[in-house]
Amino acid sequence: MPPRSNPSERQRRLGLELRKLRNDAGLSGDRAGALLDADRVRISNIEAGRIDVSRNRLYKLLREYGCPDGAYFDGLMEMAQGRGTGWWDEFRDIVPRSALDLAELEARCSSIRMHEPLFIPGMFQTEDYAYAVTMATGRDRDRIDRYVEFRMARQQVLTAPGAVPYHAVVHEAALRVHTGGPTTMRKQLLRLIELARLPNVTLQIFPFEQGAYAAFSRPFILFGGPSRGLETAYLEHPLHSVFLGDRERNDEYGKMFERLAGLAHAPVDPESAPESHDGRDSLSLIQHVMYEL
């Protein structure tokens, strides 16, 4: 099978980790290739995610590279085992590669932390709100239904058996932008409260009075991995979204998220009744905005 020209994020990440381990071990591409009865070109293709490596061969490489037993070792073996297929396959004709990678990451990560300064996060959107956002992008009308269907399908991450922890910090601006009009926004804010009561969901609102830090941070998502060193940061961009696997940069985004969470209102309390207005917390702010509509 010829090398693939457009590897998935999982395939690129596994290759990146293998290259880092090989370099740390001081082994050349020729030496690594010899371990697999192959040449350096094959190693180069594996490390670029252009071809797969079998679990037996991966095990041999990890041993030779000195990768210790543990969660990181097991995580790499799991990445080689996964085929990258799932419910998102049926949308390959309509959404870009980065969106498919995002869906796969959501399905296999151990936790999700995200910051959104202007929109209700896709994971929380109602269908009407998702339509309004997608229409604003100027996409072809006949493709919008499928885009929205894909966005709705992603939300199964919140309610599937064994759903991972999901922590979102959303700016107050996202509550106040009248996306789709007052009726759509009222339903959207009710949906936000409903989902924030799920046991695996933590939702905090970043209020205007806390200043500009949220705007500086821009939107991002942090995906927990099976071990330290396999986390991923996702930076959304309308033309070219980026996945980051670098540990130091991911740590910086982790610090940003902790600061955002520290400045934001207290999370929506799943035990509180929707009518509660006691204190200045995330729930009371959502309700306040909703009653102004």
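Residue numbers count from 1 along this sequence. Computation of the quantities below employed the complete heavy-atom set of this structure, encompassing side-chain atoms and omitting hydrogens, waters and symmetry-equivalent molecules. Fair warning: this is a prediction, and the values are worked out from it, not measured in the lab.
- When side chains are defined from C-beta on, S227 does not count as touching F73, because their heavy atoms never get closer than 4.5 Å.
- Contact check for D145 versus Y131: side-chain heavy atoms found under the 4.5 Å cut-off.
- In this structure, the side chains of M114 and Y234 stay at 4.5 Å or more apart for every pair of heavy atoms.
- Taking the six-membered ring where the residue is Trp, the centroids of Y166 and F124 are separated by under 6.0 Å.
- Taking the charged nitrogens against the carboxylate oxygens, E258 and R113 do have a contact shorter than 4.0 Å, which makes a salt bridge.
- When every heavy atom of R13 is checked against every heavy atom of G229, the shortest pair comes out as NH2-O, 2.9 Å.
- At least one side-chain heavy atom of H178 sits less than 4.5 Å from a side-chain heavy atom of L293.
- Under the 3.5 Å distance criterion, the side-chain polar atoms of Q156 are matched with a main-chain donor or acceptor of A153.
- Between E172 and R176 a salt bridge is recorded (basic side-chain N to carboxylate O distance below 4.0 Å).
- The aromatic rings of F257 and F220 sit perpendicular, their planes meeting at an angle over 60°, well past the 30° parallel limit.
- At distances below 3.5 Å, not a single donor-acceptor pair connects side-chain atoms of H171 with backbone N or O atoms of F208.
- In this structure the side chain of I43 reaches within 4.5 angstrom of the side chain of R22, judged on heavy atoms.
- Under 3.5 Å, the side chains of H167 and Q204 contain a donor-acceptor pair of N or O atoms.
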Would V53 and L58 count as a side-chain contact (heavy atoms from CB on, under 4.5 Å) here? Give the steps.
CA-CA 6 Å; V53 57; L58 176 60; 4.2 Å; yes
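- Grouping the Ile, Leu, Val, Met, Phe, Trp and Tyr side chains by contacts below 4.5 angstrom, directly or via other members, places L118 with V133.
- Under a 4.0 Å N-O distance rule, the pair E252/R249 does not qualify as a salt bridge.
- Aromatic ring pairs are classed by plane angle as parallel below 30°, tilted from 30° to 60° and perpendicular above 60°; the pair W87 and F150 is tilted.
- In this structure, E64 contributes its side chain and G66 its backbone to no donor-acceptor pair below 3.5 Å.
- D39 and R42 are not joined by a salt bridge, as no carboxylate oxygen comes within less than 4.0 angstrom of a charged side-chain nitrogen.
- By the 4.0 Å N-to-carboxylate-O rule, R108 lies too far from E78 to be salt-bridged with it.
- Proximity of K60 to N56: side-chain heavy atoms (C-beta onward) are nowhere separated by under 4.5 Å.
- Under the 3.5 Å distance criterion, the side-chain polar atoms of N250 are left unmatched by any main-chain donor or acceptor of L222.
- The hydrophobic clustering, which links ILVMFWY residues whose side-chain heavy atoms are closer than 4.5 Å, places I112 and W88 apart.
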Test L189 against Y291 for side-chain contact (heavy atoms from CB on, under 4.5 Å), laying out the working first.
CA-CA 10 Å; L189 296 182; Y291 294 143; over 6 Å; no
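- Put simply, the side chain of R10 gets close to the backbone of M79: a donor and an acceptor are under 3.5 Å apart.
- Here L61 contributes atom CG and S54 contributes atom OG; the two are 9.0 Å apart, rounded to the nearest 0.5 Å.
- Taking 4.5 Å as the limit, some side-chain heavy atom of V148 sits within range of a side-chain heavy atom of E127.
- Side-chain atoms of Q11 do not come within 3.5 Å of backbone N or O of A48 as any donor-acceptor pair.
- By the 4.0 Å N-to-carboxylate-O rule, R228 lies close enough to D251 to be salt-bridged with it.
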Could you give me the CA-CA distance, side-chain angles and deciding distance for V170 and F206, then say whether side-chain contact (heavy atoms from CB on, under 4.5 Å) is met?
CA-CA 6 Å; V170 180; F206 191 101; over 6 Å; no
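- Between the side chains of Y147 and R151, not a single donor N or O lies within less than 3.5 Å of an accepting N or O.
- The side-chain heavy atoms of P117 and R218, taken from C-beta on, include no pair separated by under 4.5 Å.
- Here the straight-line distance linking atom CG of L285 with atom CG of L175 works out to 6.0 Å at 0.5 Å rounding.
- Smallest separation of non-hydrogen atoms from V177 and M185: O-SD, 3.4 Å.
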Working for side-chain contact (heavy atoms from CB on, under 4.5 Å), residues E149 and M152
CA-CA 5 Å; E149 189 180 347; M152 295 298 104; 5.9 Å; no
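- Side chains of S284 and D281: a donor-acceptor N/O pair is present below 3.5 angstrom, by distance only.
- Considering every non-hydrogen atom in both I120 and Q125, the closest pair reads O-NE2, 2.8 Å.
- The backbone N or O of Y129 lies less than 3.5 Å from no partner atom in the side chain of T179, so there is not a single donor-acceptor pair.
- For E9 (side chain) and D101 (main-chain N/O), no donor-acceptor pair under 3.5 Å exists by modelled atom type.
- Residue E209 places its CD atom among more than 12 non-hydrogen atoms of other residues, nucleotides or ligands, all under 6.0 Å distant.
- Between the side chain of Q210 and the backbone N or O of A264, no donor-acceptor pair lies under 3.5 Å.
- The CG atom of L18 sits 6.5 Å away from atom CD of E47, with the distance rounded to the nearest 0.5 Å.
- When all heavy atoms of V164 and C109 are compared, the pair lying nearest together is CG1-O, 3.3 Å.
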